[in-house]
Amino acid sequence: GEGEGAGVARSASVKSQVIQTVSILVQNVRNETSLYYLLSNNYINELISIPLDNYSTEVLDELMPTYISFLKTLALRLSGSPTLFQFFVDELSGHTF
């Protein structure tokens with residue numbers, strides 16, 4: 001099926017809405033402690049590492065603009081909070097996501 005293992009959200013529009021909602025949260029949380037908690041549950045890493053090769057071209061056409069916007073929002077937010085970057089390092093390999 002479309003995006004096996006990608007959670008319960010099956011349609012591209014639902015996936016896109018979830019990513020957009022998380023992006024809005026990341027962008028608008030002003031308290032660094034709140035942002036810390038938002039990032040610490042590893043869900044953001046799961047969103048970043050969506051297996052895009054599992055999706056059809058039609059799904060990707062709908063999902064990619066939102067996904068890229070989310071990555072840009074996250075990068076801009078983390079550039080202002082370097083201490084939060086720790087959530088995007090694979091502890092076993094030391095590589096960043």
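Residue numbers count from 1 along this sequence.
- Residue Leu35 comes nearest to Val29 through the heavy atom pair N-CG1, 3.5 Å, listed as atom of the first residue, atom of the second, then distance.
- Counting only distance, with no hydrogens or angles, the side chain of Glu62 and the backbone of Ser13 share a donor-acceptor pair below 3.5 Å.
- Transitive grouping of hydrophobic side chains (ILVMFWY, heavy atoms separated by less than 4.5 Å) keeps Ile24 and Val26 in distinct clusters.
- In this structure, Leu38 and Val22 have side chains that are not in contact, with every pair of non-hydrogen atoms separated by 4.5 Å or more.
- Contact check for Leu47 versus Tyr67: no side-chain heavy atoms found under the 4.5 Å cut-off.
- With hydrogens and angles ignored, the 3.5 Å screen pairs a side-chain donor or acceptor of Ser49 with a backbone N or O of Asn45.
- In this structure, Val59 and Tyr55 approach most closely via the heavy-atom pair CG1-CD2, 3.6 Å.
- Using a 4.5 Å cut-off between side-chain heavy atoms of Ile, Leu, Val, Met, Phe, Trp and Tyr, with links allowed through other members, Tyr43 and Val18 fall into different hydrophobic clusters.
- The backbone N or O of Thr66 lies less than 3.5 Å from no partner atom in the side chain of Ser69, so there is not a single donor-acceptor pair.
- With rounding to the nearest 0.5 Å, the separation of CD in Gln20 from CG in Leu25 is 11.0 Å.
- Cluster membership for Ile44 and Leu76, using ILVMFWY side-chain heavy atoms within less than 4.5 angstrom, is not shared.
- Judged purely by atom type and a 3.5 angstrom limit, Ser23 has no side-chain atom pairing as donor or acceptor with the backbone of Ile19.
- The shortest non-hydrogen separation linking Ala12 to Leu63 is O-CD1, 4.2 Å.
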